[in-house]
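Quick caveat: nothing in here was measured; it's all calculated off a predicted structure.
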Amino acid sequence: MPHLIPSPTRIPVPGGKVIDEHVGAVNTPDAGLQSSVSVARMVAPAGWSEPFQTPEFDEITLVLAGSVVIDHDGGSLEVVAGQSVITRGGERIRYSCGPEGAEYVAVCLPAFSPDSVHREEEA
């Protein structure tokens with residue numbers, strides 16, 4: 001039977017970024033998917049960045065507007081509106097956005113959790 005998700009849950013984060021979780025441990029804990037997958041829409045302001053992380057999950061990022069920059073051990077990759085990127089669990093990465101900010105959808109397999117993202121302390 002279809003499971004309607006009437007609205008996302010807004011997850012507060014520092015730095016002006018907005019996370020609206022549609023599927024995951026916060027918004028759909030009873031849907032039977034909370035540990036399998038998470039789907040969230042993100043809006044990040046110009047110049048936003050987060051610390052390096054080494055997540056345990058794969059992440060598919062679909063950029064809807066602006067650009068997302070992913071720093072990794074091999075360099076840096078810019079993903080612009082209309083493009084997607086896959087990062088793999090165990091890779092050390094850092095997300096930021098370009099001068100216009102970014103709107104994007106993140107799909108994490110298995111689901112995102114604060115315990116599995118392994119963010120580094122900022123200096």
Quick check: closest heavy atoms across A102 and V68, and the distance to 0.1 Å? CB-CG2, 3.9 Å
Is any side-chain heavy atom of D71 closer than 4.5 Å to a side-chain heavy atom of F52? yes
Can a donor-acceptor pair be found, under 3.5 Å and without considering hydrogens, that links the side chain of D58 to the backbone of L109? no
Assess whether a salt bridge exists between R94 and E50, defined as any Lys/Arg side-chain N lying under 4.0 Å from an Asp/Glu carboxylate O. no
Please round to the nearest 0.5 Å and tell me the distance separating atom CD of E59 and atom CD1 of I70. 7.5 Å
Let me have the donor-acceptor pairs involving side chains of residues 6-16, under 3.5 Å, with sequence neighbours excluded, atom names and distances please.
residue : atom : partner : partner atom : Å
T9      : OG1  : N27     : OD1          : 2.4
R10     : NE   : D20     : OD1          : 2.8
R10     : NH2  : D20     : OD1          : 3.3
R10     : NH2  : D20     : OD2          : 3.0

Is there a path of hydrophobic side-chain contacts, each under 4.5 Å between heavy atoms, that joins V107 and I86? yes
Nearest heavy-atom contact between R119 and P51 is CD-CD, 4.3 Å
Testing the 3.5 Å rule here: is there a donor-acceptor pair between the side chains of E56 and H118? yes
If we only count heavy atoms from C-beta on, is the E103 to R41 side-chain gap below 4.5 Å? yes
Here the pair of heavy atoms bringing E78 nearest to Q83 is O-OE1, 4.0 Å
What are the two closest non-hydrogen atoms of P29 and A25, and how far apart are they? CB-O, 3.6 Å
Using side-chain heavy atoms (C-beta onward) and a distance below 4.5 Å, is C108 in contact with S38? yes
Give me the atom names and distance for the closest heavy-atom approach of V23 to T28. CA-OG1, 3.6 Å
Are Y104 and V43 side-chain neighbours, meaning at least one heavy-atom pair lies under 4.5 Å? no
Report yes if the side chains of F112 and P114 come closer than 4.5 Å at any heavy-atom pair, otherwise no. yes
Side-chain heavy-atom pair T61, V105 within 4.5 angstrom cut-off: no
Could you check if a side-chain atom of I93 sits within less than 4.5 angstrom of a side-chain atom of Q53, using non-hydrogen atoms only? yes
Any residue meeting salt bridge (charged side-chain N to carboxylate O under 4.0 Å, His left out) with E21, in chain and number order, not counting sequence neighbours: none
